[in-house]
Amino acid sequence: MMRSMHVFMRNEGGTTEVNLSSFLGEGFFLCLYAIRPLIGIRQIHYDSNQCSITYLEGLCMSEANEQLSMPTTYDPKAAEQKWYDYWMKGGYFQAGRLPDAEPYTIVIPPPNVTGMLHIGHGLDFTLQDILIRTKRMQGYDALWLPGSDHAGIATQTKVEQQLREEGLSRYDLGREKFLEKVWDWKHLYADNIRNQWKKMGLSLDYSRERFTLDEGLSDAVREVFVKLYEKGLIYRGKYIINWDPAARTALSDIEVEYKEVQGNLYHLKYPLADGSGSITVATTRPETMLGDTAVAVHPKDERYKDMIGKMILLPIVNREIPIVADDYVDKEFGSGAVKITPAHDPNDFEIGLRHDLPQIIVMDESGVMNDQAGPYESLDRFECRKQIVKDLQEQGVLIRIEEHVHQVGHSERSGAVVEPYLSTQWFVKMKPLAERAIEAQKSGKGINFVPDRFEKIYLHWIENIRDWCISRQLWWGHRIPAWFCEECNHMHVAREEVHACEKCSSTKLRQDEDVLDTWFSSGLWPFSTLGWPDANSEDFKRYYPTNVLVTGYDIIYFWVARMIFTALEFTDQTPFKDVLIHGLVRDSEGRKMSKSLGNGVDPLEVIERYGADAMRYMISTSSTPGQDLRFRWERVEQARNFANKIWNASRFALMNLEGFTYDDIDISGELGTADRWILHRMNETSREITRLIDAYEFGETGRLLYNFIWDDLCDWYIEFAKISLYGQDAAQKKKTQSVLAYVLDRTMRMIHPFMPYISEEIWQHLPHEGETVTLAAWPKYDSALEAPEAVQEMTLLMDMIRAVRNIRAEVNVPMSKKVELVVKPADERTYNSIKRNLEYVERFCGTSNLTVKLDCAAPDKAMSAIVTGVEMYLPLAGLIDIEQEIARLNKEREHLNKEVERVEKKLANQGFMAKAPANVVEEERAKMEDYREKRDKVIARIQELQEV
RNA sequence: GAUCUGAUAGCUCAGCUGGGAGAGCACUAUCUUGACAGGGUAGGGGUCGGCGGUUCGAACCCGUCUCAGAUCACCA
């Protein structure tokens with residue numbers, strides 16, 4: 001709906017009417033409001049019928065803004081590009097600038113080169129950046145080492161997928177060509193990752209960037225492998241492992257995810273070979289019966305006592321297999337008889353060893369039945385299952401199918417159903433390594449987990465650890481440093497390539513085809529990146545062990561635990577002192593972010609829309625250690641608004657700091673109440689946030705900064721400062737300018753770790769010393785800034801102002817109405833406080849025409865307010881009626897009465913008096929006095945009014 | 001089955017050694033007073049999951065139950 005509107009332009013008392021037509025009311029108003037500074041409008045009034053505009057007198061806003069080159073809203077994009085380049089050029093992130101300082105080290109959990117970073121990385125990296133930036137400012141030689149992980153199976157899967165789209169497999173290309181492709185991929189994604197780091201504003205030392213397949217790191221891998229082998233802690237052998245038929249590789253136990261699946265339990269009746277009967281077994285994987293080499297029963301099971309030792313004629317393959325007795329079998333479960341397939345089940349494998357049973361592998365490495373499967377050869381394992389069920393049913397062997405929900409292992413990467421599979425692999429013997437780690441932890445020389453409950457989780461895992469299968473039948477990764485002689489098959493394990501067989505001198509050697517589990521190299525990350533095993537590595541000597549590792553709870557087993565035991569084994573110390581565990585970033589409904597749900601959040605999108613600082617602030621401060629957090633756009637918005645608030649407060653300051661230099665800052669001597677108060681608050685805040693950052697309490701830190709900046713600095717101090725800044729007293733003005741410049745400078749330093757860009761942008765505008773806030777000194781608590789009496793005075797003023805505002809709101813006193821506030825202080829000290837600060841009260845009580853009168857009698861037609869130490873009366877003849885005021889006061893009295901009673905009761909409680917600490921009792925006493933005083937005054941006032 | 005985490009305002013969450021329940025958003029009213037409408041001011045809204053216990057005093061400690069989630073281990 002279009003309608004026309006009149007716009008009045010008011011200037012110097014005169015009003016010009018302007019007709020504007022064809023616009024939508026409120027939308028237009030908002031547009032006009034937005035461009036207000038640009039066209040020099042000072043005020044706009046809008047209601048549904050008219051809109052009036054007042055131009056700025058004198059200096060108009062647009063000019064002021066141009067001078068400052070600071071628009072009314074903060075523009076993150078320009079600042080981000082500019083300052084990151086500036087930081088890089090200055091080399092501020094490079095460690096080693098302070099050779100005499102104590103080092104502080106963090107190594108980044110290397111992201112996989114499989115794709116783009118997600119918001120979870122955003123959380124992880126932001127927390128680290130906050131720590132490293134804080135420590136850098138605190139004067140440490142801070143090193144944050146970046147890098148990425150080759151992520152063997154994950155990356156190879158991706159590249160193979162890409163190939164598949166071209167109709168190719170890795171075998172078509174061959175090992176060498178394929179690896180070239182993967183390296184291309186790696187370069188592309190490592191660049192992307194680096195770019196994303198920069199967008200997030202991370203202060204990484206790029207000169208030390210590492211990749212797990214770098215020469216140095218590969219050397220570390222070989223060193224560790226050979227040493228462990230020589231110690232007998234790495235062995236090669238034929239065992240049941242978890243096999244991923246899609247990726248055609250072995251997996252470790254923790255790379256298998258168990259998911260609940262609705263399946264069937266098939267009951268099979270195996271006939272005895274002598275025809276004397278049958279025995280029933282049950283299985284969820286009937287196709288494995290082709291590899292059965294026994295049936296096991298419990299030795300004490302009466303039902304089968306006589307059958308032990310007899311033979312069974314295995315259907316379909318017509319193989320005779322024995323009935324064996326083994327304690328493993330649970331008499332109570334199912335029929336009490338178990339089919340044994342040593343080559344395709346870990347438990348059966350163990351039983352097979354005990355009873356010396358043959359191991360028959362019935363499928364190949366891609367899950368297709370092999371020649372041992374007789375008629376089912378070349379059928380896929382699941383096809384075979386269908387077929388064999390049908391056949392067994394026809395032969396009367398399958399007597400029952402029962403629905404059965406069970407856990408089925410899936411490959412963490414490919415998603416394929418994992419097949420327990422007998423094959424020759426390399427393993428790390430975990431017991432001795434784990435014991436050392438457990439001992440370290442229990443003797444107090446271990447890792448400080450934050451929150452500490454994760455220590456329990458870590459210990460539980462490492463105490464129950466099984467040997468680690470480290471070989472992978474992949475191409476992308478560290479090749480196992482083992483060479484076999486083609487003549488005599490002798491195995492050589494060595495750091496360098498072996499050219500001649502030590503046994504038969506043959507030069508025909510071939511290296512083991514397999515590569516190592518990607519976590520084998522990640523497990524060395526904290527020291528391999530710093531130059532280990534090179535004994536002369538300066539970085540290793542200086543920066544190891546690292547201070548803290550920051551990561552999510554999802555990789556405690558995969559990574560954290562492995563780093564700990566390898567570091568203990570090879571460097572004789574823990575790789576870091578603290579481990580900060582954070583949660584997962586979930587979507588707004590609490591679901592895990594995933595590709596399939598499409599609910600992932602791209603950090604670059606967040607940065608694009610709201611700026612890197614907003615993203616960093618939101619994500620770092622909306623988390624508590626160890627707890628998951630939900631990603632909500634409205635929280636990013638809140639963070640953006642916070643950034644904008646900081647921006648505008650700074651704009652105000654800068655407008656009033658024209659010509660003011662760093663050398664002009666002088667906060668000594670006589671300062672106003674508000675000045676001393678804000679310095680006090682800033683000082684307190686700096687002490688608290690320093691403590692909280694050291695405790696990894698980023699959420700609390702953020703809240704504290706938010707409250708300090710928004711409430712104390714913007715809502716109170718800046719308002720109070722206006723009196724002095726707009727006043728006539730030049731000396732006083734200079735003091736306020738000093739405080740403003742000083743406090744803002746320190747405030748920018750304090751928020752810098754959280755919001756590096758906006759703090760740098762503002763800091764550079766402010767009177768400052770030094771090249772960058774990145775290297776500015778962290779604010780230290782300064783006892784000279786303590787000002788308890790200013791706090792007391794300020795509290796009084798704030799209470800008074802709030803009380804008057806309340807009254808005003810209640811009776812709706814128009815802004816324009818002239819009011820006199822009558823104030824009666826209780827004592828001389830309060831009197832002097834108020835006297836000194838009259839102007840503040842007059843200005844900020846929510847009305848522009850308020851004057852304060854001290855030493856007057858209480859007027860009749862007035863609303864009253866009692867705050868600690870002061871009675872106040874706001875004469876509002878014509879606006880209030882006395883009955884209403886009495887009613888309001890009665891309500892107030894009731895409330896105070898309740899408080900008084902509560903405290904009195906507490907103080908009358910002998911238990912409390914006897915057992916509560918003295919300061920608590922004292923506080924309660926003071927409260928009671930205060931409440932009583934207020935209540936009595938309210939009562940007195942009611943009586944006064946009733947007499948009128 | 002074991003272990004762990006969570007349950008606080010309509011929503012999302014804080015509440016860091018037990019001492020008068022908080023924030024943001026949303027909602028209601030109100031305001032354009034030379035930084036900010038991405039603002040200001042005022043306000044409504046909670047037996048802190050239930051029940052017991054310890055304590056002078058419990059959102060917080062202990063026990064127990066209910067619900068939600070996670071991790072680990074599983075027998076065919």
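Each chain gets a letter, A, B and so on, in the order the sequences are listed, and its residues count up from 1. All values reported here derive from a predicted model rather than from experimental measurement.
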Separation of atom [atom1] in [X] from atom [atom2] in [N], rounded to whole Å:
X: A:Asn347; N: B:rA73; atom1: CG; atom2: C1'; answer: 12 Å
X: A:Arg691; N: B:rC16; atom1: CZ; atom2: P; answer: 11 Å
X: A:Phe642; N: B:rC36; atom1: CZ; atom2: C1'; answer: 14 Å
X: A:Ile646; N: B:rA35; atom1: CD1; atom2: P; answer: 18 Å
X: A:Ile619; N: B:rG24; atom1: CD1; atom2: P; answer: 21 Å

Fill in: Partner set under side-chain hydrogen bond (donor to acceptor under 3.5 Å, both in side chains) for A:Asn707, not counting sequence neighbours
none
Response to the item:
Contacts of A:Gln638 meeting side-chain hydrogen bond (donor to acceptor under 3.5 Å, both in side chains) (sequence neighbours excluded), chain-then-number -> none
Among residues at least two apart in sequence or on other chains, which ones pass side chain to side chain contact (heavy atoms under 4.5 Å, CB included) with [X]?
X: A:His355; value: A:Val324, A:Asp326, A:Ile351, A:Leu357
X: A:Arg932; value: A:Val900, A:Glu904, A:Met928, A:Glu929, A:Arg935
X: A:Val606; value: A:Ile119, A:Val601, A:Met615, A:Phe631, A:Trp633, A:Val636
X: A:Asn919; value: A:Pro917, A:Glu923

Item to complete: Answer yes if the side chains of A:Ser335 and A:Thr280 hold a donor-acceptor pair under 3.5 Å, and no otherwise.
Response: no
Response to the item:
Here the helical stems involving RNA chain B, each at least 3 consecutive Watson-Crick or G-U pairs closer than 3.5 Å, sorted by first residue number, are B:1-7 with B:66-72, B:10-13 with B:22-25, B:27-31 with B:39-43, B:49-53 with B:61-65
Taking [M] as the reference, what is the distance to [N] when you measure between their [atom1] atoms (whole Å, please)?
N: B:rC27; M: B:rG44; atom1: C1'; value: 8 Å
N: B:rA73; M: B:rG18; atom1: P; value: 36 Å
N: B:rG45; M: B:rG22; atom1: P; value: 14 Å
N: B:rA37; M: B:rU41; atom1: C1'; value: 14 Å
N: B:rU32; M: B:rC36; atom1: C1'; value: 12 Å
N: B:rG39; M: B:rG52; atom1: P; value: 46 Å
N: B:rC60; M: B:rG53; atom1: P; value: 14 Å
N: B:rG69; M: B:rG49; atom1: C1'; value: 15 Å

Practice prompt. Quick one: list whatever passes salt bridge (charged side-chain N to carboxylate O under 4.0 Å, His left out) with A:Arg902, sequence neighbours left out.
Written response: A:Glu899
Worksheet item: Mind checking what makes salt bridge (charged side-chain N to carboxylate O under 4.0 Å, His left out) contact with A:Arg466, not counting sequence neighbours?
Response: A:Asp253
Selected nucleotide, minimal atom distance to [X] side chain, candidates [options]:
X: A:Phe333; options: B:rU71, B:rG38, B:rA76; value: B:rA76
X: A:Asn644; options: B:rA42, B:rG19, B:rG38; value: B:rG38
X: A:Glu700; options: B:rA42, B:rG15, B:rA70; value: B:rG15
X: A:Asn806; options: B:rA73, B:rA35, B:rG43; value: B:rG43
X: A:Tyr706; options: B:rG24, B:rC75, B:rG38; value: B:rG24
X: A:Glu697; options: B:rA42, B:rU71, B:rC16; value: B:rC16
X: A:Trp710; options: B:rA76, B:rG19, B:rG40; value: B:rG40
X: A:Arg651; options: B:rC36, B:rA76, B:rU41; value: B:rC36
X: A:Arg466; options: B:rG40, B:rC72, B:rC74; value: B:rC74

Worksheet entry | Assigned glycosidic conformation for B:rG38 [threshold 90° from 0] | anti
Practice prompt. For A:Ile254 and for A:Asn641, find the nucleotide of RNA chain B with the closest heavy atom, then tell me which residue's nucleotide is more 5'.
Written response: A:Asn641
Discussion item. Assuming nearest nucleotide by heavy-atom distance, tell me which of A:Leu265 and A:Val900 is located more 5' along RNA chain B.
Written reply: A:Val900
Practice prompt. Using heavy atoms and a sub-4.0 Å distance, could you list which residues of residues 281-291 of chain A are near RNA chain B? By number, please.
Written response: A:Ala282, A:Thr283, A:Thr284
Fill in: RNA chain B contacts among residues 627-638 of chain A, heavy-atom distance under 4.0 Å
A:Gln627, A:Arg630, A:Arg632, A:Glu634, A:Gln638
Worksheet item: Between the main-chain N or O of A:Thr341 and the side-chain N or O of A:Asp345, is there a donor-acceptor pair closer than 3.5 Å?
Response: no
Across the strands shown, which category fits [X] at heavy-atom distances under 4.0 angstrom: base, sugar-phosphate, nothing?
X: A:Tyr74; answer: nothing
X: A:Tyr553; answer: nothing
X: A:Glu260; answer: nothing
X: A:Thr624; answer: sugar-phosphate
X: A:Asp715; answer: sugar-phosphate
X: A:Asn909; answer: sugar-phosphate
X: A:Lys456; answer: sugar-phosphate

What I want to find out is whether [X] reaches [Y] closely enough, with some N-O distance under 4.0 Å, to be called a salt bridge.
X: A:Arg632; Y: A:Glu634; value: yes
X: A:Glu688; Y: A:Arg691; value: yes
X: A:Lys77; Y: A:Asp75; value: no

Practice prompt. Using the salt bridge (charged side-chain N to carboxylate O under 4.0 Å, His left out) rule, collect all pairs that involve residues 332-344 of chain A, keeping only residues at least two apart or in two chains.
Written response: A:Asp292-A:Lys339
Worksheet item: When rounded to the nearest 0.5 angstrom, what distance separates OG1 in A:Thr288 from CZ in A:Arg385?
Response: 8.5 Å
